Number of protein chains: 2
Amino acid sequence: MSDVRPIPMQTFRRLPGYHRYLKELAGQGVETIAAVAIAKEMKLHEVQVRKDLAAVSVSGGRPRMGFRVEELLRSIEHTLGYDNVSEALLVGVGQLGRALMTYEGFEQLGLRILAGFDCDPAVAGTEVGGKPVLPMEKFCDFCRRTQVHLGILAVPGETAQQVCDLMVGCGILAIWNFAPVHLTVPAHILVEDENMALSLALLSQNLKRQMEQGDLF
Amino acid sequence: MSDVRPIPMQTFRRLPGYHRYLKELAGQGVETIAAVAIAKEMKLHEVQVRKDLAAVSVSGGRPRMGFRVEELLRSIEHTLGYDNVSEALLVGVGQLGRALMTYEGFEQLGLRILAGFDCDPAVAGTEVGGKPVLPMEKFCDFCRRTQVHLGILAVPGETAQQVCDLMVGCGILAIWNFAPVHLTVPAHILVEDENMALSLALLSQNLKRQMEQGDLF
DNA sequence: TAGATTGTTAATCGATTAACAATC
DNA sequence: TAGATTGTTAATCGATTAACAATC
């Protein structure tokens, strides 16, 4: 129910999940929801949900009634920064890069990709998702002129470190890394790996465990 | 140093990061590495890294020498299940679906996508990444025949729940969900959201905080 | 041997859960 | 009012960090 106290990290991590579910409810015209109901649907502990919601909601919930769906949505969006547009430049307009440039949901998450960059001359000069694709040579100039500090790295693993270094040299401060390699960066640069390997491992390990159990009974 | 005790969840989550860095070291011909060195490069606490490695490594590290890179890699791969191939079916051969079907790194992570499915007749019948794309009508039959239990959901949000229900009806037990919506599933079905919204939020919030701090000093 | 480095035990911290009081 | 539901305080649990012993 505050805007002052910092949100616990684990709560923050669960927020996108709540947001998705509340979006669904809002779409169905549901106006209020009890923490218990959210917990049941999302397979979380009831008290955990109450605490999470209390940590972000401005007005809090009301006994007998629960939380107002729209208010919760706004609160979560604010906490996650969806209402604060970040501009980004993407490097590597391959299959994945195209998918990211085309994806329309990013605007809703507060991300605006201004342009893509690629060293392949066949790709440079085209448009993807209504955004220009420029040759790699123009990256630094573009980056400095637009004062963008967020870079999306979608090149193959082999060139990722090299492109990363270039980004850092041009003033990029935070890198969203889709390349499946470890990036070495100076201390003040933020790197967030989009770690598909992790979700995949979590999923397949759980599946394996469940099927082994299933076999036993 | 065990294979018996369960790996703490937080350790498990860090494993893909170690794996990537160790891969890089192995590629450079480095044979042994100290936990301290890993900690420094990955910006983690030294003791945490020691504990993590101790939890997965079969033979453990040796004083003065550190851990053997290759042995660590094998141990982590085993823990994450990379050495255990899971077969999967993908539904939704759009930009993202194509990127996933084309991505060659999955084999290394123990994932084999057998086929893609799409309801667009223009896409069905083609091949992507050397794998067949079949019409949606063939999904259930294919799924049952091949006994595949892992489904990759890469359709737009609007049709995701519907496709999800179909998957569950055909025997899929675990769903890797790339659609940006909440999925409602029966209790025994596993869903792992590939939550790009989260990494993006983490990154842009940290960037914001860092830039605000930077402005003050 | 001395020193680097691992491994372990204990202390701290943060997150989850349980119990219960407050409120509409 | 009674009951559903929130919010809070205390107890438990798990993860991180600190201190130190073990070992090559």
Side-chain angles (χ1 to χ4, degrees), chain A residues 1-18 21-22 25 30-73 75-76 79 198 202, chain B residues 1-18 21-22 25 30-73 75-76 79 198 202:
Chain A
M1 188 156 172
S2 109
D3 216 25
V4 189
R5 264 179 292 191
I7 310 284
M9 177 55 77
Q10 300 308 315
T11 296
F12 193 90
R13 296 185 159 273
R14 283 186 292 268
L15 293 182
Y18 295 128
Y21 181 47
L22 291 164
L25 292 174
V30 176
E31 290 185 359
T32 63
I33 181 90
V36 209
I38 299 182
K40 203 178 172 196
E41 176 68 21
M42 297 185 57
K43 291 155 192 171
L44 296 173
H45 189 105
E46 170 200 334
V47 181
Q48 189 173 61
V49 175
R50 278 218 299 278
K51 281 219 157 164
D52 286 347
L53 299 186
V56 291
S57 170
V58 178
S59 60
R62 292 213 297 174
R64 290 237 49 169
M65 196 179 118
F67 291 80
R68 287 206 306 283
V69 172
E70 284 299 333
E71 194 265 326
L72 271 186
L73 276 170
S75 303
I76 292 174
T79 308
L198 176 61
L202 283 167
Chain B
M1 188 156 172
S2 106
D3 214 24
V4 188
R5 264 179 294 191
I7 310 285
M9 177 56 78
Q10 300 306 317
T11 296
F12 193 90
R13 295 185 160 274
R14 284 186 291 268
L15 293 182
Y18 294 128
Y21 181 46
L22 291 165
L25 292 174
V30 176
E31 289 184 1
T32 64
I33 182 88
V36 209
I38 299 182
K40 204 177 171 198
E41 175 69 21
M42 296 185 57
K43 291 156 189 169
L44 296 173
H45 189 103
E46 171 201 333
V47 182
Q48 190 172 61
V49 175
R50 277 218 300 279
K51 282 220 158 169
D52 286 348
L53 300 187
V56 290
S57 169
V58 178
S59 60
R62 291 213 298 173
R64 287 237 50 168
M65 198 179 116
F67 291 80
R68 289 207 304 282
V69 173
E70 284 298 333
E71 194 264 328
L72 272 185
L73 277 171
S75 303
I76 292 174
T79 308
L198 176 60
L202 282 167

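In what follows, chains are A, B, ... by sequence order, proteins preceding strands, each numbered from 1. Fair warning: this is a prediction, and the values are worked out from it, not measured in the lab.
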Query raised in the report: Paired with D:dA4 by Watson-Crick or G-U wobble geometry, both distances under 3.5 Å: which nucleotide is it?
Result: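 Result: C:dT23.
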Query raised in the report: Does C:dG14 pair with anything, Watson-Crick or G-U wobble, both distances under 3.5 Å, and if so, with which nucleotide?
Result: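 WC or wobble partner is D:dC13.
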For the pair made of [atom1] in [X] and [atom2] in [N], what is the distance, rounded to whole Å?
X: B:Asp52; N: D:dG14; atom1: CG; atom2: P; answer: 17 Å
X: B:Leu15; N: D:dA15; atom1: CG; atom2: P; answer: 13 Å
X: B:Gln48; N: C:dT12; atom1: CD; atom2: C1'; answer: 14 Å
X: B:Glu46; N: C:dT5; atom1: CD; atom2: C1'; answer: 9 Å
X: B:Met65; N: C:dG3; atom1: CE; atom2: C1'; answer: 17 Å
X: B:Lys40; N: C:dT5; atom1: NZ; atom2: P; answer: 12 Å
X: B:Phe67; N: C:dT5; atom1: CZ; atom2: C1'; answer: 9 Å
X: A:Leu44; N: C:dT17; atom1: CG; atom2: C1'; answer: 13 Å

Query - Under 4.0 angstrom between A:Gln10 side-chain N/O and C:dA15 OP1 or OP2 - result: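 Looking at the OP1 and OP2 atoms of C:dA15, neither is under 4.0 Å from any side-chain N or O of A:Gln10.
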Query raised in the report: B:Leu72 and B:Tyr18: side-chain contact (heavy atoms from CB on, under 4.5 Å), yes or no, with the steps?
Result: CA-CA 9 Å; B:Leu72 272 185; B:Tyr18 294 128; over 6 Å; no
**Report entry** Contact pattern, 5' to 3', of nucleotides 18-24 of chain C - B, S or - by protein heavy atom under 4.0 Å
**Finding:** B----BB
Query raised in the report: Contact class for B:Arg14 vs. all strands (heavy atom < 4.0 Å): base, sugar-phosphate, or nothing?
Result: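 It contacts sugar-phosphate atoms only.
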Query - Close side-chain approach of B:Met42 to B:Arg14, heavy-atom, < 4.5 Å - result: no
Query raised in the report: Within a strict 4.5 Å, meaning less than it, do heavy atoms of the A:Met9 and B:Leu202 side chains meet?
Result: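 Yes - at least one pair of side-chain heavy atoms lies under 4.5 Å apart.
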Requested in this report: Looking only at non-hydrogen atoms, find the nearest pair between A:Ile7 and A:Ala55 and report the distance.
Outcome: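 So the two residues come closest at CD1-O, 3.3 Å.
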Query raised in the report: For A:Ser57, does its backbone N or O pair with a side-chain atom of A:Glu71 as donor and acceptor, under 3.5 Å?
Result: no
